[in-house]
Amino acid sequence: MQPDDLTRVLAPKLGENLLGVEAFEGMAGRVRFRREAALDLFRAVRDDLSFAHLSMVGGIDWVDHREVFYVAWSDSARQYVLLSTDVPATDAHVETASAVWPSANWHERETWELVDITFDHHPDLRHLLTPDGYAFHPLLRSFKIHEPEELEVKTRHV
Amino acid sequence: MSQATLYSVSYDLSNTIASALGSVLPSGARDLITSSGVVTGFAVVIFAVIILAATMLNTILLIWWERKLLGRFMDRRGAMHVGFAGLLQNFADGFKLFRKDTVKPREADPLGFYFGPTAYMITSLAIFGILPISSGWDTGALPLTLLLALAIFAFAPLFIFVSAWSSNNKYSLMGGMRSAAQMIAYEVPLLLAVVSVVIVAGSFDLNTIVYEQQNYWFWGPLILALIVFVAAMLAEMERIPFDLPEAEAELVEGWNTEYGGMFFAFFMFTDYLRALVGSVLVVLLFFGGWTLPSWVPSVATSWPLAGIFWFMVKTYIVFGVFVWIRASLPRVRTDQLLRVGWNRMIPLGLVSVFVAALLVVAKCVWPFGCLPTP
Amino acid sequence: MSEMWINMGPQHPMTHGLWNLRVRIDGEVVLDVDPEMGYLHRGIEKISEDRHYNEVVTLMDRTCYVAGLAWEHLYILASEQALHITPPERAQYIRMTCEEFQRIGSHIMWYAAFVNDIGLMTPFLYGMRDRDLVLDLFQSFTGARMTYEYMRVGGVRNDLPPTFTDQARKVLDWLTDRFREYDQLCLGSSIFHKRCDHLGVLKANDCIAHGVTGPMLRSAGVKRDLRKDRPYARYDAVDFDVAVADGADVTARYLVRMEEMRQSIRILRQTVDWLEHHPGPVMAEHLPRWLGAPYAPVGREGYLLKRNYAKGVGFSAVEEPHGEAQAYVVNEGTEHPYRVKFRSPIFANLSAARQYLVGYRVADIPPIMGSVDPCIGEVDR
Amino acid sequence: MGGLTAAQAPPAPSPRNPTVDLQLSNELPMATQAAVPFIEIEALRAKEFIPASKEALTSLIAEQGQAKLIRPMFNWSGRNSLFPLHWGLACCAIEFAAAFGARWDAERFGVVARSSPRQADLMIVNGTVTWKVAHKLITLYEQMAEPKWVIAMGNCATGGGPFRTAYSVVPGVDKLVPVDVYIAGCPPRPEALLDGILKLEQLIRERKE
């Protein structure tokens, strides 16, 4: 499957919300889309292009905006496809993919807590890896890495 | 020469001590001390102490035996560094557990929490008071020793359940319920297997049962009863493949999850005590007790305490088979265990009772020979 | 007994790692489960942003500590794509050899842990004993038993020792015999079948919907293996079959993993033969100096000169012992990756826990979870 | 649901240590687990509920002139029978398991892993400790009965290891519980673990408690 094949199927469904399909080494292609059309795109990719298996959901913080990317696999084409959309940093939310692919559930929870991208209508948006109530989003570029502060060493009370 | 029995040994000891004491005491006290009632009572105490010490020593040796044997099955060595070949390892474990704190969860019920393990150990220890280990080495006063031993043996699920319930831990509770269900379910096939032996031997007295095996050991014709007995005994002892109550994989440590220190030592000790009871009963009921087949040259049995020696050898071999089973079988599930118990073991036990009845009617069976004539 | 929630974890013999399975039970029947992860979340994706490309390899070993070399391979493949570097062929064969040996090692570790879950004690010891042979082999060329730091962007750190091929063949012969013994100990026992047949069933459709991959997916009859479907390294040059079973239950997963080990031995015999007859470089030429250093102990200070080389995005997918692992590496033209994102197969397999645990009994949880083979390091990262 | 009241509310969180200050006490800050009933521990020494034996024991020890017999025996038994808690944190847990394998066979030294903290004497922290698991680790430590020891196995447990700079990692388990023996290595080989256990035995012998 080539990027042109993806465009041919997706363009009529998404219209102007499809921002383009680029070639990507080792994949069917990289589909850029506007977040408004997320659900339509997911359904089209799953049903019309038979990418039934969602492997990965991740987020990247590009400081001025954030990117959400999805990787899906098709058993008939034996290929991956990469879907990505940009969301503004001030209003980072996108429609959940877990209604289309149940496997997106935990990946989106992780992306929500680490990259601070909210997934609308997610069934169970709780903390997964960080403790409950953890107020930080470590994978943002503004979260700096530094040496740990000194803590008191516990000794045995005799 | 009259054979030395455990009771005669303790009576002589008691008598010696009493007369030694009496020689230094005023006459009134001397009469009291040397009166037959006091000497007999004292003899009973000595008797009990000997049995207690021997049982404890044996149980600890049994743990060592299992650890070493299990190690060899697993291609390793087991305890090595404390004492010769790790013989003192279990003493170290025991002392350490006695020294350790006992932590009682705040929500636990103190009465049941402490009563359960203690009663569990005491009742199991009591069994050894009536089990003969060689001819004459028993109390000899009871015609129904086997029945009494099994009755005391059946107390255990009650105490396990009490301690599991009162530790107020979910894993303990589940382990306790599994334990109670399993032990009660396997009580019936156990008794059916025992009944077949009793039918053939015609007595509940273990001495008589051993005596009846002088021509052939019962495991041959009663192989069905042996299988049922060993399977039921494995369930009663809670060993793999029937160790569901303390199934490590799902119920952390089963019903003794909340126990540490001394009471955990009680539990561990009693588990092996019951394993010892199981092995001893298998030897007594099916493998001729302390006797050896008649073709064995008499040099093997003519020296003092030979009966006890051969009895111990048999017991440790039987326990070795239990360890072998433990090393090679997976664990079954509760419902499967109960289904096997009710659907397979009980019919098999009934069949073995029938076989035993046939054996009594036939008197002589090829190739084993005849039952001794009374 | 009324319904209650029990916590199986974080300290529980069933977990094989640091996680908590909250289980709602009625008597012995499981009504609902809720895995609670994150107890081993070490922020590997974050601290990778602060490290050189080759320094991230150190973290990869610790991401999945039973399959370190497979994860190194995964990360290196993605980085090489992002940095536009092609490794020499011998390095690719060495990586394949590493990955297949790692698959055997990981599966033996799984076997040891799994049989312990169903109460078999002896095979655990046998498994640990035989796994040590594989680790000794790793030790002969990486110097470490578990955390190897062996692969580098552009190749591998050092070539194999001359005795490697003979030793490897000996180990493979020994393991072939041992796998027969493993099967006797498990499949030869009717209790094993009683415990494991029709247990933890997850059909192919549910597998795909929930993103389940690896032996769990293949046990449901789906013939998917990235080594065949999307060959990386030189998997297109070796001959092997994809292990598939039908049951979708615990026994099927057992069969798939055992067969995979046999297929790995088959692959290894081919790669070891190839390595014996094709000496050559194991590191790509014309690398940036900080990447090409064979032992790569590059400190942060000496090499922080700004270099100008092409940006890129790398994506790789590897059939790791537990399933499909994927890496996404963004290269913004600096010495540090801008963003590294990993997809752990067990992460997805565990997220479907409700599908294959509910309805069974408490005693079934350890065998089922054992057949999933959780390695929490790669789930939490 | 208990939840957090104003008095229990944690101090202003820092990204590194998101949880409230961890103290070794019976009143653990169980803020994240308010709904889960939590068994508090009440330590009862064996001699407290058998006063007679306590008296006998103390008088015996006094008679023996500061422990010629009893204490060395208890010391000997304590150091020769160390039961570690059976739990695996991370990479080192695999080597911990390997130490019980056929090649190293830690059981030779009387080391038998127990799954229940009540029965364990020794907590081997075999892996990276995160702030999320810190509560659980302290709870397990408190659930163990005295006398108890802790071995920090590997660089992560000793000081954070390669994850020292990570936001979620405790830089050394000695910030949470007192540690007796540190074992270096990432991960330490099983020989190193056995050596650590033997070092602990030596420590117990020298301490003469």
Side-chain angles (χ1 to χ4, degrees), chain B residues 66-67 69-78 161 164-165 168-182 231 234 238-254 257 323-340 343-344, chain C residues 1-9 11-16 21 23 25 27-30 112-130 132 178 181 184-197 199 360-370:
Chain B
E66 162 157 48
R67 287 173 80 160
L69 209 56
L70 210 53
R72 289 298 175 175
F73 280 125
M74 292 171 173
D75 216 353
R76 60 189 178 89
R77 299 194 132 194
F161 191 69
W165 179 273
N168 196 29
N169 179 311
K170 290 167 182 172
Y171 291 119
S172 298
L173 180 60
M174 287 171 73
M177 292 180 74
R178 283 183 182 189
S179 173
Q182 159 177 343
L234 279 173
E238 297 179 358
R239 295 177 67 81
I240 283 177
F242 302 135
D243 71 331
L244 313 148
E246 33 193 331
E248 251 204 340
E250 65 256 22
L251 307 179
V252 187
E253 288 284 346
T257 301
V323 176
W324 188 5
I325 293 173
R326 180 180 178 192
S328 46
L329 283 185
R331 177 187 302 133
V332 299
R333 218 169 54 205
T334 322
D335 53 328
Q336 294 164 347
L337 174 91
L338 296 181
R339 203 176 305 136
V340 168
N343 293 357
R344 295 286 147 75
Chain C
M1 199 156 40
S2 60
E3 291 176 13
M4 61 186 181
W5 280 97
I6 56 174
N7 281 310
M8 286 184 145
Q11 186 263 333
H12 191 283
M14 176 274 296
T15 53
H16 302 314
L21 183 68
V23 191
I25 55 169
E28 292 252 345
V29 181
V30 177
F114 168 69
V115 292
N116 211 16
D117 282 343
I118 56 172
L120 263 170
M121 305 166 73
T122 315
F124 168 77
L125 276 290
Y126 289 0
M128 297 308 281
R129 178 192 68 193
D130 299 337
D132 273 331
R178 291 283 81 74
E181 189 182 59
Q184 282 171 3
L185 277 163
C186 282
L187 299 179
S189 158
S190 61
I191 299 179
F192 178 86
H193 287 288
K194 270 207 165 109
R195 282 304 301 277
C196 297
D197 285 358
L199 194 66
Y360 297 99
R361 287 157 190 278
V362 177
D364 294 335
I365 293 178
I368 296 176
M369 289 322 300

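Quick caveat, the model's predicted, so the values are computed rather than measured. Both backbone and side-chain heavy atoms feed into the values below; hydrogens, waters and symmetry mates do not. Throughout, a chain's letter reflects where its sequence line sits, starting with A, and its residues are numbered from 1.
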dist B/Asp335:CG -> C/Asp364:CG (nearest 0.5 Å) comes out at 7.5 Å

Under 4.5 Å heavy-atom distance to chain C, tell me which part of B/Arg76 shows up: side chain, backbone, both or neither.
side chain

Using every non-hydrogen atom in the two residues, find where B/Phe73 and C/Tyr126 come nearest and quote the distance to one decimal.
O-OH, 3.0 Å

What part of C/Arg129 gets within 4.5 angstrom of chain B, counting heavy atoms only: side chain, backbone, both, or neither?
side chain

Does C/Arg178 CZ have over 12 foreign heavy atoms under 6.0 Å away?
yes

Has B/Lys170 got a side-chain atom pairing as donor or acceptor with C/Trp5's backbone, closer than 3.5 angstrom?
yes

Rounded at 0.5 Å granularity, tell me how far CZ in C/Arg195 sits from CZ in B/Arg333.
6.5 Å

With the side chain counted from C-beta on, respond yes when C/Glu28 and B/Met177 share a heavy-atom pair under 4.5 Å apart, and no when they do not.
no

Contacting moiety of B/Thr334, where chain C heavy atoms sit under 4.5 Å
side chain

Between C/Leu120 and B/Leu329, which heavy-atom pair has the shortest distance, and what is it?
CD2-C, 3.7 Å

Value rounded to 0.5 Å, distance of CH2 in B/Trp324 from OG1 in C/Thr122:
12.0 Å

Can you see which heavy atom on B/Pro330 is nearest to which on C/Ile118, and at what distance?
CB-O, 3.4 Å

